[in-house]
4 protein chains.
Amino acid sequence: MPTNKKPQVTAPKKSTAPAPQRRRELLDTAAEVFAEQGYNATTVRKIADHAGMLAGSLYYHFDSKESMLEEILRSFLDELWDGYDAVLDAGLGPRETLEALVTESFREIDRHRAAVAIYQKESKQLAPQERFAFLAESQRKFQKAWLSTLERGVAARVFRADLDVRLTYRFVRDTVWVAASWYRPGGQHSPEEIARQYLSMVLDGIAVREEPL
Amino acid sequence: MPTNKKPQVTAPKKSTAPAPQRRRELLDTAAEVFAEQGYNATTVRKIADHAGMLAGSLYYHFDSKESMLEEILRSFLDELWDGYDAVLDAGLGPRETLEALVTESFREIDRHRAAVAIYQKESKQLAPQERFAFLAESQRKFQKAWLSTLERGVAARVFRADLDVRLTYRFVRDTVWVAASWYRPGGQHSPEEIARQYLSMVLDGIAVREEPL
Amino acid sequence: MPTNKKPQVTAPKKSTAPAPQRRRELLDTAAEVFAEQGYNATTVRKIADHAGMLAGSLYYHFDSKESMLEEILRSFLDELWDGYDAVLDAGLGPRETLEALVTESFREIDRHRAAVAIYQKESKQLAPQERFAFLAESQRKFQKAWLSTLERGVAARVFRADLDVRLTYRFVRDTVWVAASWYRPGGQHSPEEIARQYLSMVLDGIAVREEPL
Amino acid sequence: MPTNKKPQVTAPKKSTAPAPQRRRELLDTAAEVFAEQGYNATTVRKIADHAGMLAGSLYYHFDSKESMLEEILRSFLDELWDGYDAVLDAGLGPRETLEALVTESFREIDRHRAAVAIYQKESKQLAPQERFAFLAESQRKFQKAWLSTLERGVAARVFRADLDVRLTYRFVRDTVWVAASWYRPGGQHSPEEIARQYLSMVLDGIAVREEPL
DNA sequence: CATGAATGAGCATTCATTCAT
DNA sequence: GATGAATGAATGCTCATTCAT
């Protein structure tokens with residue numbers, strides 16, 4: 001599963017480059033700029049500069065700046081839900097489900113850092129728009145998945161019952177996803193390592209336990 | 001720390017309302033709109049609409065849109081550091097310091113919700129600019145305060161030693177401040193109550209502890 | 001029924017020029033350019049040039065280029081129907097009605113030459129658009145007025161019965177309105193004089209009559 | 001009168017379909033779109049869509065959008081003048097000449113509806129351009145032909161002498177050509193039938209004549 | 001002949017800002 | 001203090017045109 005620019009696995013005999021690939025490249029470029037400068041502050045010219053072309057040329061590939069944003073977010077969420085659904089359908093216990101969701105989340109942050117950052121910063125403004133209804137939809141599914149996992153855990157006495165479960169939900173959700181704002185792929189910790197430490201903090205806290213005995 | 005165009009010291013002859021108050025009102029209005037729509041997406045006209053005046057009229061009170069932003073952030077950070085410094089100078093132990101900082105943070109979120117939200121969303125873009133150097137400055141102080149508190153705690157064996165302390169720092173920092181994105185003053189939980197629950201989660205985790213005995 | 005932005009209930013004492021007047025001036029300028037170059041070929045810059053301002057400044061007065069077009073056409077049609085309705089409600093016989101309608105039409109061409117020319121050239125493309133539904137509406141009323149006048153005339157034996165009445169309608173309609181393409185106010189013929197000659201041609205033909213006797 | 005890029009005299013070696021035919025097809029397509037949407041509002045892409053090809057491909061056949069327009073108008077006017085010249089050289093009396101010109105005109109409208117509509121809408125803007133000088137040229141010849149016919153008729157006492165002859169010219173000219181805006185080939189009236197009725201109206205008027213006796 | 005991709009000039013529109021009143 | 005009107009730079013987008021393949 002290639003993450004960055006030119007996978008170019010098998011060079012086609014005479015054709016130069018298949019269209020969908022170019023499209024992906026451009027979207028990745030755009031996502032990077034959106035993530036760094038913010039969607040509104042990103043001009044189409046800046047994206048084109050990064051892609052080595054003129055602003056108008058982008059419109060051969062995309063309908064509008066907004067449609068680029070939509071495609072970036074949509075394809076990120078599609079992949080995210082592939083991962084999440086696999087976890088949710090695996091029949092795990094609540095604690096294992098939570099561990100798997102967190103780990104999966106850090107993997108997505110690793111793969112789609114830019115898209116996640118965009119999502120974090122812009123989704124609140126975008127969700128009300130018709131065109132971005134899929135964001136609101138995803139948010140609902142997301143909340144349901146996490147909330148029900150937490151509730152199952154409380155019922156099974158593996159998660160604390162003395163906490164407001166909605167507060168806990170926000171705590172876990174934000175804690176994980178905000179990591180996209182500082183995470184850089186190829187840094188000193190792998191996503192799995194970060195997930196492990198985060199899970200340890202979220203589950204057991206950062207305070208030293210009094211020795212049982 | 002120069003701010004610009006401070007309301008003239010000499011009171012205007014016939015005016016009834018003192019200028020600084022109007023200024024505050026306008027800044028609060030602006031902060032609200034910035035927080036809701038994002039700084040870039042907020043037009044001066046929108047702010048003026050909310051304030052019941054025309055766009056041009058704002059320029060009697062402020063030099064520019066950016067100077068409004070600056071003043072909002074600067075006065076928020078001034079207050080924040082008043083609170084933080086009091087805590088840091090109180091000579092508390094690491095755990096108590098952390099508890100006090102978190103509680104103080106939620107109080108600031110309660111008082112300056114809009115400014116905090118703006119800070120969260122925009123500070124990364126703003127910090128590199130000369131004009132907003134005070135943001136970077138604040139971030140450094142902030143990191144130092146938290147990091148040293150955590151390190152003191154690890155040394156004193158009240159915080160776990162098996163965690164990457166920088167990761168822990170980010171974890172705690174994000175966990176607290178992101179709350180500004182959903183917090184609404186006057187909701188069902190007071191800032192102190194939220195602080196208590198967050199501290200409980202951060203310190204002891206959300207998992208049920210096996211009974212020591 | 002106020003049409004534009006600022007209600008301005010009570011005129012301020014010292015204001016230099018009432019807004020609606022400037023608006024009218026700009027619309028007249030725009031109409032002139034639209035008429036001469038065609039709506040599509042007219043850039044907002046050209047209009048602004050003619051008005052002695054920059055392109056962006058027009059947007060203080062109008063929402064869009066299209067809204068200028070709309071206002072031009074709408075105010076022309078409003079005036080046209082004031083005149084037409086007066087004629088149609090006067091209870092005249094069919095020949096006198098036709099004479100009055102033709103005369104009124106030439107007067108409108110004299111007063112709104114530019115708007116008429118625009119109407120002629122653009123209405124077919126515009127009418128289907130929601131925003132310009134009033135054009136289609138006007139066309140229906142227009143056809144009904146003329147057609148029924150012609151039919152009354154045929155029934156009363158003052159207009160020939162051997163002609164296809166719809167063809168006659170188009171003949172008269174086009175004949176009159178196309179005059180806007182060459183008419184210049186202040187030329188050697190007054191609108192009334194042109195109307196008289198046109199009516200003479202339309203009613204009696206251009207061929208010499210054999211003397212009855 | 002230079003036309004450009006005439007289909008190569010030497011037939012291409014292996015091509016099966018003769019080039020000029022494809023060229024004609026494409027011009028007819030273009031004319032249809034120009035007529036319906038207006039020249040300026042017609043994009044090259046729309047023409048290409050109608051022709052089942054991509055926009056760039058049209059440039060194999062034509063130098064530019066403008067050259068398509070030129071060729072459409074030029075070939076229409078060439079045919080028109082074939083017909084008109086035949087009539088004018090036939091040595092007919094003024095009334096018969098006028099009848100023949102009108103009839104010929106409706107035949108041209110029938111054959112070149114699109115080109116006539118384009119001509120009507122665009123010629124005023126185009127004529128001043130160097131490239132479209134042939135339009136102005138044609139207009140001069142046109143005016144001369146009609147005006148002299150009318151003047152001959154007045155002198156011969158078959159047309160009324162009490163009318164401004166230039167006004168009469170415009171009346172007849174417009175009356176005939178505007179028909180292109182509503183005429184659809186294959187409708188309920190043949191061009192000859194429309195010509196007959198129009199001539200009847202133009203010559204004898206639409207009013208009922210008092211019986212001579 | 002036709003396609004896919006790009007160019008570059010131009011367009012309508014937005015918006016922070018200015019300033020005379 | 002506030003308004004009305006304007007500026008000017010920038011923005012997203014369109015479109016005729018080019019050209020290697």
Side-chain angles (χ1 to χ4, degrees), chain A residues 14-19 22 26 40-48 51-66 68, chain B residues 12 14-15 17 19 22 40-48 51-68, chain C residues 5-6 8 12-19 22 26 40-48 51-68, chain D residues 12 14-15 17 19 22 40-48 51-68:
Chain A
K14 287 195 170 187
S15 139
T16 48
R22 184 82 176 106
L26 292 172
N40 278 308
T42 298
T43 71
V44 164
R45 272 168 184 78
K46 273 184 214 152
I47 300 173
M53 48 168 44
L54 289 174
S57 308
L58 282 173
Y59 289 80
Y60 179 78
H61 301 276
F62 304 98
D63 284 347
S64 64
K65 182 183 162 188
E66 209 181 44
M68 298 178 76
Chain B
K14 290 195 166 184
S15 146
R22 185 85 176 101
N40 278 306
T42 298
T43 70
V44 167
R45 225 186 129 226
K46 269 185 217 154
I47 301 172
M53 48 169 51
L54 289 177
S57 309
L58 280 173
Y59 286 79
Y60 177 82
H61 301 275
F62 304 97
D63 283 349
S64 65
K65 183 183 165 190
E66 211 180 42
S67 80
M68 300 179 76
Chain C
K5 294 182 186 174
K6 332 225 160 120
Q8 249 176 344
K13 286 167 200 174
K14 290 197 168 180
S15 144
T16 48
R22 185 82 176 105
L26 292 172
N40 278 308
T42 298
T43 71
V44 164
R45 268 172 188 76
K46 275 184 213 153
I47 300 173
M53 49 168 44
L54 289 174
S57 308
L58 282 172
Y59 289 81
Y60 178 79
H61 301 275
F62 304 98
D63 284 346
S64 64
K65 181 182 162 189
E66 209 181 45
S67 79
M68 300 179 75
Chain D
K14 288 195 166 184
S15 148
R22 185 83 177 107
N40 277 307
T42 298
T43 69
V44 167
R45 224 186 130 226
K46 272 184 214 153
I47 301 172
M53 49 170 50
L54 289 177
S57 309
L58 279 173
Y59 287 79
Y60 177 83
H61 301 275
F62 304 97
D63 282 349
S64 65
K65 184 183 164 189
E66 210 180 41
S67 80
M68 300 179 76

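Chain letters run A, B, ... following the sequence lines, proteins first, then strands; residues in each count from 1. All values reported here derive from a predicted model rather than from experimental measurement.
Contact detail for D:F62 and D:S67: the closest heavy-atom pair is CB-OG, 3.9 Å. Nearest heavy atoms, A:R45 versus A:A55: CG-CB, 3.7 Å. Across all their heavy atoms, B:N40 and A:A41 have their closest contact at ND2-CB, 3.5 Å. Nearest heavy-atom pair, D:K65 versus D:T42, reported as atom, atom and distance to 0.1 Å: NZ-O, 2.8 Å. Across A:M53 and A:S57, no two heavy atoms sit closer than the pair SD-CB, 3.8 Å.
The side chain to side chain donor-acceptor pair (under 3.5 Å) test applied to A:K46 returns A:Q37, not counting sequence neighbours.
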Can you build the contact string for nucleotides 6-13 of chain F? Use B for base contact, S for sugar-phosphate-only contact, and - for no protein heavy atom under 4.0 Å.
SBB--SBB
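By the 4.5 Å heavy-atom criterion applied to side chains, B:I47 and B:M68 are counted as neighbours.
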Watson-Crick and G-U pairing of DNA chain E, under 3.5 Å, as dot-bracket with | and [ ]
.||||||||||||||||||||
